[in-house]
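Below is one structure, written out as structure tokens; the observations come after it.
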There are 2 protein chains.
Amino acid sequence: MEKQTATQVFESLSSGIRLDIYRLLVKRGLEGMVAGQIASALDLPPNNASFHLKGMTHAGLVSVAQEGRYQRYRANLPLMLELIAYLTEECCAGHPEQCAEIRADSCCPEAILPPITQD
Amino acid sequence: MEKQTATQVFESLSSGIRLDIYRLLVKRGLEGMVAGQIASALDLPPNNASFHLKGMTHAGLVSVAQEGRYQRYRANLPLMLELIAYLTEECCAGHPEQCAEIRADSCCPEAILPPITQD
DNA sequence: TCAACTATACAAGAATTATTGAAATATACA
DNA sequence: TGTATATTTCAATAATTCTTGTATAGTTGA
């Protein structure tokens, strides 16, 4: 993954509005939502929702498909998986035993580890 | 996880410099790096590195421990795991069969799925 | 074609963030 | 105590992003 792709995705999710949009779309899965639905679900002016959706689309975080006069948006879950891989690339290089258990648990987001202790 | 925590983490990673810092620290694992090392590794003015590290620390993305006159920074990996759980909360609600395979593969970041097809 | 509807594009001001240089704080060591 | 080192804080400017209102483009169905 290119660094610019990663920063664009993170920039997209750094706004409360865009984070709400993304999580809403993740919940909807393959069904997705059309722009107007998103705007009214989150009580946003349609042009503001459109502004944020444009940025998210450009970052690849959501996809858009035209349906007549509607625009249907869907979350791009695979991109999130690529992003996680990018972040943990070469994790704990040189000391694989350190992060073995961390990466193992990262396979099950439900299992949250306690914070790293500071020596 | 609180929404504000999530947006702060994403905001932290939305800058190329901070993303570089985070990935550098992930590679170092528990060993971490002191501020000066980080600045010279990334060819940054020390005060600029400090500026970004402060924000990342406030977001919880990195932790800091004093070692004499040095400040040692470490990546907070568990927070990233919480974040992933937060993002995929109620994923594909109502149609669990849709995302079953996606979530299964999310357990192994190496396996990247093709983009979601748009109907 | 016309009117209603959906959505995006554009422009302007407010607000936020980034970068740099200079100064300050704190620790280490002779 | 005095000097050097490590890091942070502060101030000022530059750059970017957010929000709102208005205008434009495309689609639908009478």
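Per chain, numbering begins at 1; letters A, B, ... match sequence-line order.
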(message) Go nucleotide by nucleotide along DNA chain D from the 5' end; which of B:P46 and A:S14 gets its closest nucleotide reached first?
(response)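 Result: B:P46.
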What is the minimum heavy-atom distance between [X] and [Y], and which atoms define it?
X: B:A59; Y: B:V9; answer: O-CG2, 3.8 Å
X: B:T7; Y: A:S15; answer: CG2-C, 4.1 Å
X: B:G29; Y: B:R74; answer: O-CG, 4.5 Å

Within-4.5 Å side-chain heavy-atom neighbours: [X] and [Y]:
X: B:P46; Y: B:L44; result: no
X: B:K27; Y: B:Y22; result: no
X: B:T5; Y: B:F10; result: no

(message) Under 4.0 Å, counting only non-hydrogen atoms across every strand here, what does B:P45 touch: a base, just sugar-phosphate, or nothing?
(response)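 If one applies the 4.0 Å heavy-atom cut-off, B:P45 turns out to touch the sugar-phosphate alone, with no base involved.
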(request) Answer with base, sugar-phosphate or nothing: what part of the nucleic acid does A:L53 contact at a heavy-atom distance below 4.0 Å? (result)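 Contact class for A:L53: none.
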Whole-Å gap separating [atom2] ([N]) and [atom1] ([X]):
X: A:Q71; N: C:dC5; atom1: CD; atom2: P; answer: 19 Å
X: B:R72; N: D:dA6; atom1: CZ; atom2: P; answer: 14 Å
X: B:I38; N: D:dA6; atom1: CD1; atom2: P; answer: 14 Å
X: A:E11; N: C:dT16; atom1: CD; atom2: P; answer: 16 Å
X: B:F51; N: C:dT17; atom1: CZ; atom2: C1'; answer: 6 Å
X: A:R69; N: C:dA3; atom1: CZ; atom2: C1'; answer: 11 Å
X: A:L44; N: C:dT6; atom1: CG; atom2: C1'; answer: 16 Å
X: B:M56; N: C:dA18; atom1: CE; atom2: P; answer: 12 Å

(request) Could you go through the side-chain contact (heavy atoms from CB on, under 4.5 Å) check for B:R18 and B:L13 one step at a time? (result) CA-CA 6 Å; B:R18 291 190 294 267; B:L13 295 171; 5.7 Å; no
Looking at [X], does any N or O in its side chain come under 4.0 Å of the phosphate oxygens OP1/OP2 on [N]?
X: B:Y73; N: D:dT7; value: no
X: A:Q66; N: D:dT27; value: yes
X: B:Y70; N: D:dT8; value: no
X: B:H52; N: C:dT19; value: yes
X: B:R18; N: C:dA18; value: yes

(request) Evaluate the side-chain contact (heavy atoms from CB on, under 4.5 Å) criterion for residues B:M80 and B:L61: first the C-alpha distance (whole Å), next the side-chain angles of each, then the deciding distance (0.1 Å), finally the verdict. (result) CA-CA 8 Å; B:M80 189 54 60; B:L61 198 53; 4.1 Å; yes
(message) Among A:V34, A:T57, A:I21, exactly one meets side-chain contact (heavy atoms from CB on, under 4.5 Å) together with A:Y73. Which residue is that?
(response)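 Going through A:V34, A:T57, A:I21 one by one, the side-chain contact (heavy atoms from CB on, under 4.5 Å) with A:Y73 is satisfied by A:T57 alone.
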(message) When you group the ILVMFWY residues by side-chain heavy-atom contacts below 4.5 Å and let the links chain together, are A:L24 and A:Y70 in the same group?
(response)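 Shared cluster, no.
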Would you list the protein and nucleotides 10-13 of chain D atom pairs, both N or O, that sit under 3.5 Å from each other?
none

(request) Kindly state which residues belonging to residues 2-10 of chain A come within less than 4.0 angstrom of DNA chain D, counting heavy atoms of the residue only, listed by number. (result)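 Nucleic-acid contacts, sorted: none.
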